[in-house]
Amino acid sequence: MQNLAPRPGVLDISPYIGGESVIPGVTRIIKLASNEGALGPSPQAVAASHGDADGLCRYPDGACSNLREAIGAHHGLDPTRITCGGGSDELISILARAYVGAGDELLYSQYGFLMYAIAATGLGAKPVTAPEKSLTADVHALLAKVTDRTRAVFLANPNNPTGTYLAFDEVRRLHAGLPGNVLLVLDAAYAEYMTADDYRAGVELVDSAENVVMTRTFSKIYALGGLRLGWCYGPTAVIDVVNRLRGPFNVTTPAQMAGLAALADQAHVDKVRSHTLRWRDWTTEALRGQGLDVPDSVGNFILARFASPAEADGADAFLRKNGVIVRKMGGYGLAESLRITIGTEEEMRLLAELLGDYQRTRLAQAVSI
Ligand SMILES: *Cc1c(COP(=O)(O)O)cnc(C)c1O
């Protein structure tokens, strides 16, 4: 008897667990679990996504020509060196599949985005992590983990879930230390939230090297996660490889239309950014005021660090009971932390109030024991 089995590695994958969106028995849910934009997408993008209903019987433009032109124009990039995907997750998987094989190593930092490990494992490759310092990727440690098996380094910059980032000098230093046959993927899913002078999403490095790609997404500041739309910018040879491996119609027509309209509405992006930064800082201060450790975050989310995993779990359960879903971080080795996406003002005020209530009841219980 010969039994059907997938390739080595596939069954070793711990499937990615997305943020939940229902709590049994609770009708009013506030979802702060998946870093979706606080104010929703641009109304113009929503309208464009259901624009041409008759066109739905046709295959999409497989080359995403108009959208790539628009992305190129907006970011000052050559559209022939851009390719689009069904979310940047698809591009991350394709890049791994293209350059990392069975027995190879895919390197990323300790608290790096979980999709990198999933992509490596499913290919029969070995996910290798390098320790971080202060919840931040450490170039020295990453370079120390490079072996002759290393085929790719994935760096989320800024990183999810830690909310920390590497200054461009550091990213350059990382690249300079890598052999030319190692692909450096700069995952800039949160680049639009960045205001730091020393940050670059990666364009300059892509332009000066043959082995660097930058990935971007419409799921975060553009809040179009449900449509699945991302893109990457890279050297011609890398883009050519991605175009060979991707599905010929991997981006739907509604996603392309919405992406175009979303890009055109930068006023909405500006509004989301300033709202998010304001309420991120407010929430950070509010939670610090309750005694929680909340590292500075540059993304649209914060990490609330409790004294123990049990306390984080207790806070999570208490929030859920009150209709608020945040993200537990055990999968990242940060079980004492909860990741909280920045939402509306009302949502942030409620979250802070609930966490305050939780801390007070816990303290009261501790005193009465
Ligand atoms: C959300 C996220 C992505 C994936 O976004 P898509 O929805 O697949 O475009 C990629 N990288 C990081 C670090 C993220 O947080």
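In each ligand, atom 1 is the first atom listed, and ligand 1 is the first ligand listed. This structure is a prediction, so every number in the text was calculated from the model and none was measured.
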* Asked: With distance as the sole criterion, is a donor-acceptor pair present between the side chains of Tyr165 and Asp198 under 3.5 Å?
  -> yes

* Asked: How would you list, by chain and number, the residues with a heavy atom under 4.0 angstrom from ligand 1?
  -> Gly87, Ser88, Asp89, Phe113, Ala156, Asn160, Asp187, Ala189, Tyr190, Thr217, Ser219, Lys220, Arg228

* Asked: Should the pair Arg173-Asp169 be classified as a salt bridge under the 4.0 Å nitrogen-to-oxygen rule?
  -> no

* Flag the pair Arg172 and Glu204 as a salt bridge only when some basic side-chain nitrogen lies within less than 4.0 angstrom of an acidic carboxylate oxygen. => no

* **Under 3.5 Å: donor-acceptor pair, side chain of Gln256, backbone of Asn66** => no

* Would you please say whether a donor-acceptor pair under 3.5 Å links the side chains of Thr276 and Asn300? => no

* To do: Enumerate the residue pairs fulfilling side chain to side chain donor-acceptor pair (under 3.5 Å) with a member in residues 286-296, sequence neighbours excluded, ordered by first and then second residue.
  => Glu285-Arg288, Arg288-Asp296

